[in-house]
Amino acid sequence: MIPWLHIDSAVVPGADVELRLMRRGDEFSMKLGDNELMNSRLSGSEEALATLTCRRIQSNKRPDILIGGLGMGFTLRAALAVLGPEARIVVAELVPAVIAWARGPMAPLFGGSLSDPRASVREADAVDVIRSHASAFDAILLDVDNGPEALIRKANDSLYDAKGLKAIYRALRSGGVLAVWSSGPNPAFSKRLREAGFEVNEVDVRATAKRKGARHLIWFATRR
């Protein structure tokens, strides 16, 4: 058995927790304590977040998209694979080290996605990007923390509470889509989405592209 190697650690801004990047052969893992937040072998649900969202806005040939959270690049790479040449994607990543890892030890996972002219990565809190834009995005994809139940950073709750959802509603254009990844269902969050004015669909997805592994959930909320 190949042992796990500790590549680097980083403190998450606004949270007294340490994020660790681990590697075993060509496999990567991001861990918070004993909890594994993501693994390079389990990309199915993050890829589904991008592909299913892009299908919902495919009639728009020049979409503007915001992705909250860079992670291991699965969502960004999947979006670029299906979007046309005039799409524009902004990725907001709060942790500077995650961006450095993407350009360093994890570069093979990202392929050419970070140099794609359609994409840009900003060292920024997705909350701030959303609040500072009005009617700017055709889709907002959130793969932040653990979904509506924040585990890493309590401030992420402001994405999912009533005030945060109203800010997202304002940041989307008419017919725009909010897509939220989660490790599991949350009826209270579904209710808040509807109360914020969204039309809501919930889709079960699997952790791997072969539709195996843990079940995750994606909310697709469309701005009326």
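We count residues from 1, following the sequence as given. Computed from a predicted model, the values in this text were never measured in an experiment.
- Side chain of His6 to backbone of Asp8: a donor-acceptor contact under 3.5 angstrom is found.
- Residue Arg24 qualifies as enclosed at atom CZ: its count of foreign heavy atoms under 6.0 Å is above 12.
- The minimum heavy-atom distance between Thr75 and Ala50, with the atom names listed, is O-CB, 3.3 Å.
- Remark: the Trp181 side chain and the Ser45 side chain contain an N/O donor-acceptor pair separated by less than 3.5 Å.
- Under the 4.5 Å side-chain criterion, counting only non-hydrogen atoms from C-beta, Leu49 is not in contact with Phe74.
- Taking the side chain as every heavy atom from C-beta outward, Ser182 and Phe189 never approach each other to under 4.5 Å.
- Here the side chains of Val203 and Leu217 are not in contact, with every heavy-atom distance at 4.5 Å or above.
- Between Lys31 and Asn39, the closest side-chain pair of non-hydrogen atoms is not below 4.5 Å.
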Self-check item: side chain to side chain contact (heavy atoms under 4.5 Å, CB included) evaluation trace for Leu178 with Trp219
Solution: CA-CA 8 Å; Leu178 166 65; Trp219 283 273; over 6 Å; no

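- Nearest heavy-atom pair, Leu76 versus Ile67, reported as atom, atom and distance to 0.1 Å: CA-CD1, 3.9 Å.
- Taken from OH in Tyr169 to CD1 in Ile130, the straight-line distance is 15.5 Å, to the nearest 0.5 Å.
- Atom CG of Asn186 is separated from atom NZ of Lys191 by 12.0 Å, given to the nearest 0.5 angstrom.
- Counting heavy atoms of neighbouring residues, nucleotides and ligands inside a 6.0 Å radius, atom CZ of Arg88 does not exceed 12 of them.
- Between Val129 and Arg122 the shortest side-chain heavy-atom distance falls below 4.5 Å.
- Evaluated for a side-chain contact (heavy atoms from CB on, under 4.5 Å) with Asp138, the options Asp64, Leu66, Thr53 yield exactly one hit, Asp64.
- Note on Lys61 versus Glu86: no salt bridge recorded, every NZ/NE/NH1/NH2 to OD/OE distance being 4.0 Å or above.
- In this structure, OH in Tyr160 is found 8.0 Å from CD1 in Ile168, a value given to the nearest 0.5 Å.
- To the nearest 0.5 Å, the span separating CG on Leu32 from CD on Glu18 amounts to 9.0 Å.
- Taking a cutoff of 4.0 Å between a charged side-chain nitrogen and a carboxylate oxygen, Lys163 and Asp161 do not qualify as a salt bridge.
- Across every non-hydrogen atom of Glu93 and Leu70, the tightest pair is OE1-N, 2.8 Å.
- Using a 4.5 Å heavy-atom cutoff, the side chains of Val180 and Leu193 are not in contact.
- When side chains are defined from C-beta on, Ile89 does not count as touching Arg118, because their heavy atoms never get closer than 4.5 Å.
- Cluster membership for Leu21 and Trp4, using ILVMFWY side-chain heavy atoms within less than 4.5 angstrom, is not shared.
- Shortest non-hydrogen contact noted between Ser9 and Arg20 is OG-CG, 3.5 Å.
- Tested against Glu123 for a side-chain contact (heavy atoms from CB on, under 4.5 Å), the candidates Leu94, Val95, Ile99 yield a single pass: Ile99.
- Of the inter-residue distances, the one linking Met72 atom CE with Phe110 atom CZ reads 8.5 Å to the nearest 0.5 angstrom.
- When hydrophobic clusters are built by joining Ile, Leu, Val, Met, Phe, Trp and Tyr residues whose side-chain heavy atoms come closer than 4.5 Å, directly or via intermediates, Met38 is not grouped with Val11.
- Distance CG/Leu19 to CH2/Trp101: 4.5 Å, rounded to 0.5 Å.
- Of all non-hydrogen atoms in Ala136 and Arg173, the two that sit nearest each other are O-NH2, 3.1 Å.
- Side chain of Arg224 to backbone of Gly197: a donor-acceptor contact under 3.5 angstrom is found.
- Criterion: ILVMFWY side-chain heavy atoms under 4.5 Å apart, direct or through other members. Under it, Met22 and Phe28 are not part of a common hydrophobic cluster.
- Ala97 and Ala10 make their closest contact through CB-CB, 3.4 Å (heavy atoms, listed as atom of the first residue, atom of the second, distance).
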Quiz item: Stepwise, does the side chain to side chain contact (heavy atoms under 4.5 Å, CB included) test hold for Ile2 with Glu27?
Solution: CA-CA 10 Å; Ile2 302 174; Glu27 179 183 4; over 6 Å; no

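- Using a distance-only test at 3.5 Å, with no hydrogens or angles considered, a donor-acceptor pair links the side chain of Arg23 to the main chain of Gly25.
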